[in-house]
There are 2 protein chains.
Amino acid sequence: MTTLPSEHDHRDQCVALVPIFAHLDPVERHEIASRVRQRTYRRNELLYAPEEANHFLMIVHRGRVKTYRGTESGHEQLLRILEPGNFIGETAFLHTGTADHYALALEDAEICSLHHEDIREFLTRYPAVALKMLETMTERLEQTERQLSSYTGEDVGARIAGYLLEKAAPATGELILTMSKRDLASLLGTTPETLSRRLASFTDAGWIAQSSGGRICVLDRAALARA
Amino acid sequence: MTTLPSEHDHRDQCVALVPIFAHLDPVERHEIASRVRQRTYRRNELLYAPEEANHFLMIVHRGRVKTYRGTESGHEQLLRILEPGNFIGETAFLHTGTADHYALALEDAEICSLHHEDIREFLTRYPAVALKMLETMTERLEQTERQLSSYTGEDVGARIAGYLLEKAAPATGELILTMSKRDLASLLGTTPETLSRRLASFTDAGWIAQSSGGRICVLDRAALARA
DNA sequence: CGAACGATTGAACAGCATCAAGTAGGGTGG
DNA sequence: CCACCCTACTTGATGCTGTTCAATCGTTCG
């Protein structure tokens with residue numbers, strides 16, 4: 001009596017999607033997939049909150065998830081947006097095992113979870129996966145450090161301009177904001193009001209064009225970079 | 001013809017000092033130590049600069065090292081201070097292999113380096129070390145994220161107060177600043193002038209006492225926490 | 001002993017947050 | 001199908017925190 005093939009397929013697919021498992025052969029992937037627990041979260045549902053014990057490495061299979069930190073003053077700092085293939089819950093590696101931030105589904109999302117102990121065992125057995133994971137963590141650390149220095153080194157205008165330049169399609173200069181302006185403001189370390197004003201001034205200057213649905217088109221890259 | 005015992009001892013000691021290698025048995029440690037290259041850096045000497053290829057994992061054996069990022073506007077953002085036992089150069093795991101920040105010796109320092117390929121091989125052979133390393137990277141990431149949210153969520157006074165409370169000895173409330181006030185200001189995302197002013201106001205309020213040599217004594221923890 | 005650097009203090013400006021009001025869009029229920 | 005509401009976004013006016021520029025002082029090192 002085996003599990004239904006479709007279910008297998010689904011979980012295998014989830015694992016194959018994740019960069020850190022990508023290079024494994026089908027048999028190894030299947031082994032990991034067999035330990036995966038799946039669950040769907042609704043839009044605006046909390047995956048976990050601070051102080052909560054979390055013993056799972058959570059992989060986003062479908063949908064998007066945001067992690068953020070709520071400071072005691074009520075201020076909310078967005079940390080990052082997870083797309084399919086990204087994972088959270090690295091605290092699972094720590095002995096404390098409690099998160100210090102929130103994780104919330106931005107849309108209906110499917111999450112594949114691996115228990116703390118399972119993942120430790122896998123990493124021990126497949127060191128190549130551990131190396132991949134180290135690479136991923138290193139990249140995230142560098143990205144966070146970049147974000148950190150931009151907060152004190154550049155003014156708000158420059159951070160906004162930098163974000164637009166980073167996200168704009170190389171050819172057309174078009175981009176669509178993948179999050180609310182409220183969230184974007186938080187990510188860039190400012191307020192929705194200031195973000196709105198700066199975008200308006202960029203538009204007035206003819207550097208960008210805004211249309212509905214968060215569509216923005218970068219018209220003058222050089223000018224933005226100078227900002 | 002073997003290497004001199006003293007040299008072996010020295011390198012073994014260096015390896016034993018590092019938390020991620022701490023749990024290895026002497027034979028394994030020795031194996032790693034045999035691949036370690038040692039070098040001393042002088043005070044104010046640069047370990048590496050951005051854009052520079054860096055294929056080594058560098059472990060601080062003696063002395064202290066600071067990593068910082070120079071933004072294009074000339075502003076300098078201090079990222080962290082490394083104490084003996086800490087390591088940098090995780091970019092070695094990335095395929096790019098180029099750092100995007102500076103590393104500089106604050107004092108004369110002894111650094112043990114492991115080549116990129118050697119460390120990859122060790123991590124493959126000793127997965128437990130890879131796990132330890134993942135734990136370390138996770139902690140650093142969380143710490144950096146905390147730092148990030150404190151920049152936008154708390155005002156300068158609160159960040160300074162938080163630093164003092166964190167570093168003060170639990171019993172006596174005493175602490176000695178381990179870096180220049182210029183560097184501390186940078187770490188806290190402010191300027192030396194503002195730091196100086198806030199510390200002066202804390203002193204006036206009777207919450208702390210300052211003496212020469214960067215010695216500070218926290219007198220009123222509760223008041224500082226409220227700041 | 002002088003030079004150079006770090007720390008401190010002072011004064012003025014400015015960027016940005018805050019508060020507040022108004023607008024637009026999208027979903028719900030009558 | 002329309003009226004309504006709730007949320008997101010925009011725009012406006014004001015105040016404040018913290019940076020910047022500048023001068024002074026202390027101290028450490030050559």
Side-chain angles (χ1 to χ4, degrees), chain A residues 42-44 66 71 73-78 104 106-108 149-161 163 176-205 208-216 227, chain B residues 42-44 66 68 71 73-78 104 106-108 149-163 176-205 208-216 227:
Chain A
R42 309 230 119 180
R43 175 185 162 83
N44 288 332
K66 76 170 174 183
T71 57
S73 58
H75 199 92
E76 175 178 309
Q77 168 70 46
L78 203 156
L104 179 131
L106 284 174
E107 318 157 355
D108 290 0
S149 62
S150 78
Y151 276 23
T152 53
E154 308 173 334
D155 67 10
V156 173
R159 290 193 300 247
I160 296 172
Y163 181 86
I176 295 178
L177 298 182
T178 57
M179 61 187 104
S180 70
K181 292 198 175 164
R182 171 190 300 273
D183 279 345
L184 180 57
S186 175
L187 184 69
L188 296 175
T190 183
T191 60
E193 292 95 325
T194 302
L195 174 62
S196 189
R197 274 184 255 270
R198 299 311 264 250
L199 286 178
S201 75
F202 288 169
T203 306
D204 290 346
I208 65 171
Q210 298 185 72
S211 27
S212 66
R215 255 215 308 278
I216 294 180
Chain B
R42 311 228 119 181
R43 176 185 161 83
N44 288 332
K66 75 169 175 183
Y68 61 98
T71 58
S73 57
H75 199 92
E76 173 178 311
Q77 168 70 45
L78 202 156
L104 180 130
L106 283 175
E107 319 156 355
D108 290 359
S149 62
S150 78
Y151 277 22
T152 53
E154 308 174 334
D155 66 11
V156 173
R159 290 193 301 245
I160 296 173
Y163 180 86
I176 295 179
L177 298 182
T178 56
M179 60 189 104
S180 70
K181 292 198 174 162
R182 170 189 300 273
D183 279 346
L184 180 57
S186 174
L187 184 69
L188 296 175
T190 184
T191 59
E193 292 95 327
T194 302
L195 174 61
S196 190
R197 275 185 254 271
R198 298 312 263 256
L199 286 178
S201 76
F202 288 169
T203 305
D204 289 348
I208 65 170
Q210 297 186 72
S211 27
S212 66
R215 256 216 307 279
I216 293 179

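Within every chain, numbering begins at 1; the chains are lettered A, B, ... in the order of the sequence lines, protein sequences first and strands thereafter.
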Does [N] have OP1 or OP2 under 4.0 Å away from a side-chain N or O of [X]?
{"X": "Arg182(A)", "N": "dT7(D)", "result": "no"}
{"X": "Thr191(A)", "N": "dA17(C)", "result": "yes"}
{"X": "Ser196(B)", "N": "dA7(C)", "result": "no"}

For the side chain of [X] and the backbone of [Y], is there at least one donor-acceptor N/O pair under 3.5 Å apart?
{"X": "Thr190(B)", "Y": "Leu195(B)", "result": "no"}
{"X": "Arg159(B)", "Y": "Tyr151(B)", "result": "yes"}
{"X": "Asp108(B)", "Y": "Arg42(B)", "result": "no"}
{"X": "Gln77(B)", "Y": "Ser186(B)", "result": "yes"}

Between atom [atom1] in [X] and atom [atom2] in [N], what is the gap in whole Å?
{"X": "Asp155(B)", "N": "dT19(D)", "atom1": "CG", "atom2": "P", "value": "11 Å"}
{"X": "Arg43(A)", "N": "dT7(D)", "atom1": "CZ", "atom2": "C1'", "value": "11 Å"}
{"X": "Leu184(A)", "N": "dA8(D)", "atom1": "CG", "atom2": "C1'", "value": "14 Å"}
{"X": "Leu199(B)", "N": "dG6(C)", "atom1": "CG", "atom2": "P", "value": "18 Å"}
{"X": "Arg197(A)", "N": "dG22(C)", "atom1": "CZ", "atom2": "C1'", "value": "13 Å"}
{"X": "Asp204(A)", "N": "dT11(D)", "atom1": "CG", "atom2": "P", "value": "9 Å"}
{"X": "His75(B)", "N": "dT20(D)", "atom1": "NE2", "atom2": "C1'", "value": "12 Å"}
{"X": "Glu193(A)", "N": "dA17(C)", "atom1": "CD", "atom2": "P", "value": "8 Å"}

Looking across every strand, which nucleic acid part, if any, lies under 4.0 Å from [X] by heavy atom: base, sugar-phosphate, or nothing?
{"X": "Gly157(B)", "answer": "nothing"}
{"X": "Gly214(B)", "answer": "nothing"}
{"X": "Thr190(A)", "answer": "sugar-phosphate"}

**OP:** Give, for atom CD1 of Ile208(A) and atom CD1 of Ile216(A), the distance between the pair rounded to the nearest 0.5 Å.
**Re:** 5.0 Å
Closest listed nucleotide, where the reference is the side chain of [X] and the choices are [options]:
{"X": "Arg198(B)", "options": "dG18(D), dC16(C), dA7(C)", "result": "dG18(D)"}
{"X": "Ser180(A)", "options": "dA7(C), dC9(D), dT20(D)", "result": "dC9(D)"}
{"X": "Thr194(B)", "options": "dG6(C), dG18(D), dC16(C)", "result": "dG18(D)"}

